[in-house]
> 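Here it is, the structure in full.
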Amino acid sequence: MAQTVFIDGAAGTTGLEIAERLAGRSEFALVTLPDAERKDAARRAEALNGADFVILCLPDAAAIEAVAMIRNDRTKVIDASTAHRVAPDWAYGFPELSAAQRGAIAASTRVSNPGCYPTGFLALVAPLVGAGIVPTDARLSVNAVSGYSGGGKELIARFEAEPDIGFRSYGLSLNHKHVPEMQQGAGLVHPPLFAPAVVPVYRGMLVEVPLSFDTPTADAVFGALAAHFDGSPLVSVRRGDESELLLSQTDEATDRMILTLFSDSTGRQLRLVARLDNLGKGASGACVQNLNIMAGLPETAGLRL
């Protein structure tokens with residue numbers, strides 16, 4: 001019998017791409033509300049409590065409200081907002097974070113989907129902290145650019161209306177909402193300095209972490225990343241491949257992520273770069289991956305590989 005899934009916020013970019021990945025899958029049946037009933041509290045409550053799985057594609061406050069509307073202990077929730085990413089009673093939905101993370105996701109009824117930027121940052125940094133190569137008290141910086149689809153309908157409309165925009169930096173107050181999950185997920189004492197920007201491509205992102213060591217460390221870093229993601233169906237590790245630094249308007253949707261290491265000739269100065277689709281592994285693809293794990297299904301079912 002198919003398990004039911006209700007996407008609250010299904011009309012947004014993330015919700016639409018989740019539905020596309022679930023289309024045609026016999027394991028799930030989508031619960032939908034007519035347009036006129038999407039904001040009707042009673043109908044939403046009925047859908048939230050009636051579904052086996054609920055995926056929240058909502059602003060933070062609305063996601064918190066939706067969770068409070070669930071009155072049973074059966075419905076499982078995946079929240080794509082920022083609201084619960086550092087909450088102690090929610091499993092963090094990045095299966096590749098550690099050896100135990102898939103099990104935590106599978107056993108939980110409440111899973112917070114990671115942010116797109118933190119997914120790249122944690123993929124690069126968490127394995128190195130775990131291996132003792134990067135100390136927990138390191139003061140790290142992370143530079144990143146994303147396609148404008150990550151900003152939702154308003155930013156999409158602005159970029160499409162103003163094609164001359166070439167680069168838009170933001171987060172200049174240095175208190176971006178993604179920083180707490182970066183710090184917590186990597187086990188860092190200090191919050192990383194996060195410098196995000198938006199560029200004129202629809203989808204795709206590059207997340208870069210520069211590192212500097214007193215001794216040659218490039219080989220150890222590459223070895224730790226390669227070992228951590230060995231056998232991963234979605235994450236691959238490469239060395240010195242400049243082709244992975246290109247974003248374009250023609251990039252196709254993907255739920256994969258590629259990590260690339262660049263270093264100087266001494267192996268002391270490094271640039272680690274994660275390339276991923278902000279709408280794929282950074283959002284909708286990750287939601288479906290977590291849904292598969294929670295439902296006891298093959299992890300990559302329905303994903304764009």
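Hydrogens, waters and symmetry mates are skipped; everything else that's a heavy atom, side chains included, is used. Count residues from 1 along the sequence.
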> Determine whether L174 and L188 fall in the same hydrophobic cluster, where Ile, Leu, Val, Met, Phe, Trp and Tyr are linked whenever their side-chain heavy atoms lie under 4.5 Å apart.
no

> Give, for atom CZ of F262 and atom CD of E208, the distance between the pair rounded to the nearest 0.5 Å.
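One finds 8.5 Å between CZ of F262 and CD of E208.
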
> Taking CG in N72 as the centre, count heavy atoms belonging to other residues, nucleotides or ligands within less than 6.0 Å. Is the count above 12?
yes

> Please check if atom CD in E242 has more than 12 non-hydrogen atoms from other residues, nucleotides or ligands closer than 6.0 Å.
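No, not enclosed.
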
> Starting at NZ of K177, measure out to CG of D60 and round the result to the nearest 0.5 Å.
5.0 Å

> Measuring from atom CZ of R256 to atom OG of S232, what distance do you get when rounded to the nearest 0.5 angstrom?
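If we round to the nearest 0.5 Å, R256:CZ and S232:OG are 8.5 Å apart.
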
> Mind running salt bridge (Lys or Arg N to Asp or Glu O under 4.0 Å) on D277 and R304 for me, showing each step along the way?
CA-CA 11 Å; D277 183 347; R304 296 170 175 177; 6.0 Å; no

> Can you tell me if D230 uses its side chain to pair, donor with acceptor, with the backbone of A226 under 3.5 Å?
no

> Of all heavy-atom pairs between L97 and A126, which one has the smallest distance, and what is that distance?
CD1-CB, 3.7 Å

> Are more than 12 heavy atoms, taken from residues, nucleotides or ligands other than R271, located less than 6.0 Å from that residue's CZ atom?
no

> Is there a path of hydrophobic side-chain contacts, each under 4.5 Å between heavy atoms, that joins I258 and F222?
no

> Cluster question for you: counting only ILVMFWY and a side-chain heavy-atom cut-off of under 4.5 Å, with indirect links fine, are F6 and I55 together?
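No, separate clusters.
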
> Under 3.5 Å, side chain of E17 to main-chain N/O of G280, donor-acceptor pair present?
no

> Under 4.5 Å between side-chain heavy atoms, hopping through other hydrophobics if needed: is there a path connecting L279 to F159?
yes

> Quick check for you: to the nearest 0.5 Å, what is the distance between R275 atom CZ and L247 atom CG?
5.5 Å

> For S149, enumerate each residue passing the side chain to side chain donor-acceptor pair (under 3.5 Å) test, keeping only those at least two apart in sequence or located in another chain.
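Here the qualifying residues are N278.
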
> Using the rule that Ile, Leu, Val, Met, Phe, Trp and Tyr join whenever any side-chain heavy atoms are under 4.5 Å apart, tell me whether L48 and W90 fall into a single cluster.
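Same cluster.
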
> Let me see the working for R44 and D8 under salt bridge (Lys or Arg N to Asp or Glu O under 4.0 Å), right down to the final yes or no.
CA-CA 8 Å; R44 281 185 64 221; D8 198 0; 2.6 Å; yes

> Using side-chain heavy atoms (C-beta onward) and a distance below 4.5 Å, is R85 in contact with P180?
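Side-chain contact under 4.5 Å: no.
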
> Quick one: list whatever passes salt bridge (Lys or Arg N to Asp or Glu O under 4.0 Å) with D35, sequence neighbours left out.
R38

> Tell me which donor-acceptor pairs under 3.5 Å the side chains of residues 129-136 have, and how far apart each pair is, sequence neighbours excluded?
none

> L272 and L128: side chain to side chain contact (heavy atoms under 4.5 Å, CB included), yes or no, with the steps?
CA-CA 11 Å; L272 305 178; L128 305 184; 3.7 Å; yes

> Can you sort out the partners of T4 under side chain to side chain donor-acceptor pair (under 3.5 Å), two or more places apart, ordered by chain and number?
D52

> Which pairs pass ring pair (Phe, Tyr, Trp, His ring centres under 6.0 Å) with one or both residues in residues 184-206, sequence neighbours excluded?
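Checked against ring pair (Phe, Tyr, Trp, His ring centres under 6.0 Å) - neighbours excluded - the pairs reaching residues 184-206 are Y117-F194, Y148-Y202, H176-F194.
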
> Go through L211 and T217 one step at a time and tell me if the side chain to side chain contact (heavy atoms under 4.5 Å, CB included) criterion holds.
CA-CA 10 Å; L211 297 173; T217 313; over 6 Å; no

> Please step through side chain to side chain contact (heavy atoms under 4.5 Å, CB included) for the pair V111 and K76, ending with a clear verdict.
CA-CA 8 Å; V111 173; K76 298 181 179 182; over 6 Å; no

> Give the C-alpha distance, both sets of side-chain angles, the deciding distance and a yes or no for side chain to side chain contact (heavy atoms under 4.5 Å, CB included) between V201 and V145.
CA-CA 10 Å; V201 297; V145 295; over 6 Å; no

> Side-chain donor-acceptor contacts of residues 293-303 below 3.5 Å, not counting sequence neighbours, with atom names and distances?
{"unit_1": "E299", "atom_1": "OE1", "unit_2": "R102", "atom_2": "NE", "d": "2.8"}
{"unit_1": "E299", "atom_1": "OE2", "unit_2": "R102", "atom_2": "NE", "d": "3.3"}
{"unit_1": "E299", "atom_1": "OE2", "unit_2": "R102", "atom_2": "NH2", "d": "3.1"}
{"unit_1": "E299", "atom_1": "OE2", "unit_2": "Q289", "atom_2": "NE2", "d": "2.6"}

> Rounded to the nearest 0.5 Å, how far apart are OG of S263 and CZ of R268?
11.5 Å

> Should we count CZ of R43 as having more than 12 external heavy atoms under 6.0 Å?
yes

> With rounding to the nearest 0.5 angstrom, report the CG to SG distance, D255 to C287.
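If we round to the nearest 0.5 Å, D255:CG and C287:SG are 10.5 Å apart.
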
